[in-house]
Amino acid sequence: MKPSAFSIPAIAVMLCLTWIVPVQCCNKALCASDVSKCLLQDLCHCRPADGKCLCCKECMMCLGTLWDECCDCVGMCNPRNYSDTPPTAKSTVEDLHGPIPSLFRALTEGESLNQLNWNIVSFPMVEELSYHENLVSFFEQQQHHNVSLPQSMGHISHSSEKEHMCTVVYLEDCMSMRRCKVACESMGASKYRWFHNACCECVGPECIDYGSKIVKCMNCML
């Protein structure tokens with residue numbers, strides 16, 4: 001059979017079965033056509049792992065703007081892990097300038113603000129304490145090097161930690177990180193956590209760390 005007789009789907013399947021680990025197969029929907037063209041021109045049959053990549057430049061030129069997305073399809077770069085952690089497992093956090101604890105407490109007490117599309121969640125501060133204590137331990141070890149312990153990271157007695165709750169507010173709808181920051185500032189929050197699925201969490205003044213790491217925006221869960 002002549003090389004030109006190979007169909008695009010057949011070559012895409014061949015790539016997954018021979019050159020790439022099946023569970024980490026390349027993006028066939030995006031790359032199949034261009035990869036097939038380059039393979040049929042015999043431009044991408046060498047391997048960098050062999051020590052000499054005689055065809056690498058030609059293969060890159062052939063794939064053009066798809067090189068970044070498709071180089072793993074021809075064995076030129078490491079296979080991508082397409083089962084990477086979901087956006088809900090990643091987040092960006094930031095301390096807010098000039099928090100207003102009294103405002104945050106007033107807005108989050110009771111259930112009168114349900115119409116604002118907020119989800120107010122409180123949980124024991126002890127859930128954040130393990131990470132906090134690790135940081136405190138590190139800073140205390142550095143005290144003999146004249147490194148002072150931040151005021152916000154002083155010791156919390158185990159008798160009082162169970163008496164305090166960390167209160168956070170989830171804004172139910174998806175939003176940009178900038179809008180999340182502005183919204184949390186407007187309610188007097190001390191910090192915010194913006195999940196990479198666009199869920200926004202405003203963190204109250206009693207929280208040691210950055211609130212909960214669990215997404216609970218009812219209209220923004222994916």
Side-chain angles (χ1 to χ4, degrees), residues 1-95 119 131 134 170-184 191-203 209-222:
M1 181 180 295
K2 295 181 181 180
S4 59
F6 282 103
S7 65
I8 291 176
I11 291 183
V13 171
M14 179 182 69
L15 293 176
C16 293
L17 295 179
T18 58
W19 294 346
I20 306 298
V21 179
V23 296
Q24 294 181 326
C25 190
C26 68
N27 188 342
K28 298 185 295 295
L30 175 66
C31 303
S33 177
D34 287 81
V35 165
S36 299
K37 176 193 67 177
C38 297
L39 290 175
L40 291 174
Q41 295 180 39
D42 201 24
L43 297 176
C44 299
H45 285 292
C46 59
R47 295 290 174 272
D50 296 336
K52 292 183 179 181
C53 195
L54 301 178
C55 71
C56 285
K57 287 185 178 181
E58 289 79 3
C59 184
M60 182 178 185
M61 293 178 65
C62 182
L63 289 175
T65 57
L66 290 177
W67 170 263
D68 293 344
E69 294 290 340
C70 304
C71 60
D72 58 336
C73 295
V74 291
M76 292 292 183
C77 59
N78 293 326
R80 291 168 176 79
N81 185 1
Y82 293 101
S83 60
D84 197 6
T85 53
T88 52
K90 304 174 184 179
S91 60
T92 299
V93 298
E94 184 180 352
D95 293 319
N119 180 19
Y131 174 67
N134 289 337
Y170 291 94
L171 305 182
E172 301 284 42
D173 297 325
C174 295
M175 63 181 61
S176 67
M177 185 166 66
R178 174 173 173 76
R179 184 182 171 196
C180 175
K181 179 177 180 178
V182 171
C184 292
K191 311 165 186 176
Y192 73 91
R193 180 187 293 274
W194 185 78
F195 295 91
H196 290 192
N197 72 323
C199 171
C200 177
E201 175 187 0
C202 302
V203 183
D209 192 15
Y210 289 90
S212 174
K213 297 179 180 178
I214 302 175
V215 173
K216 293 184 179 180
C217 299
M218 298 306 295
N219 301 328
C220 190
M221 298 292 290
L222 298 179

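Please read all numbers here as calculations on a predicted model, not as lab measurements. Excluded from the calculations below are hydrogen atoms, water molecules and symmetry mates; all remaining heavy atoms, backbone and side chain alike, are included.
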Identify all side-chain donor-acceptor contacts of residues 193-202 below 3.5 Å with residues at least two apart in sequence or on another chain.
from   : atom 1 : to     : atom 2 : distance (Å)
Arg193 : NE     : Tyr210 : O      : 3.0
Arg193 : NE     : Ser212 : O      : 3.2
Arg193 : NH1    : Ser91  : OG     : 2.7
Arg193 : NH2    : Tyr210 : O      : 3.2
Trp194 : NE1    : Met175 : O      : 2.8
His196 : NE2    : Thr92  : OG1    : 3.1
Asn197 : OD1    : Cys199 : N      : 3.2
Asn197 : ND2    : Cys220 : O      : 3.0
Asn197 : ND2    : Leu222 : O      : 3.0
Glu201 : OE2    : Ser212 : N      : 2.8

Quiz item: Is there a disulfide bond (SG atoms under 2.5 Å apart) between Cys53 and Cys46 once you walk through the steps?
Solution: CA-CA 6 Å; Cys53 195; Cys46 59; 3.9 Å; no
Self-check item: Candidate pair Cys44 and Cys38, rule disulfide bond (SG atoms under 2.5 Å apart), full reasoning
Solution: CA-CA 6 Å; Cys44 299; Cys38 297; 4.6 Å; no
Exercise. Could you go through the side chain to side chain contact (heavy atoms under 4.5 Å, CB included) check for Asp34 and Cys70 one step at a time?
Key: CA-CA 9 Å; Asp34 287 81; Cys70 304; 6.0 Å; no
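Looking only at distances, a side-chain donor or acceptor of Asn119 sits under 3.5 Å from a matching main-chain atom of Lys216. In terms of modelled atom types and a separation under 3.5 Å, the side chain of Lys191 and the main chain of Asp209 share a donor-acceptor contact.
Taking 4.5 Å as the limit, every side-chain heavy atom of Asn78 sits out of range of all side-chain heavy atoms of Asp72. Contact of the Met218 side chain with the Tyr170 side chain is not registered, since no non-hydrogen atoms from C-beta on lie closer than 4.5 Å. Side-chain contact between Leu43 and Cys55 is absent, with no heavy atoms from C-beta onward closer than 4.5 Å. The closest side-chain heavy-atom distance from Val93 to Val203 is not below 4.5 Å.
Here Met76 contributes atom CE and Leu63 contributes atom CG; the two are 8.5 Å apart, rounded to the nearest 0.5 Å. Note that the SG atom of Cys174 and the CE atom of Met221 stand 10.5 Å from one another [nearest 0.5 Å]. Rounding to the nearest 0.5 angstrom, the gap separating the CG atom in Leu54 from the SG atom in Cys59 is 12.5 Å.
Every residue meeting the side-chain hydrogen bond (donor to acceptor under 3.5 Å, both in side chains) condition with Asp173, not counting sequence neighbours, appears here in chain and number order: Asn117, Asn219.
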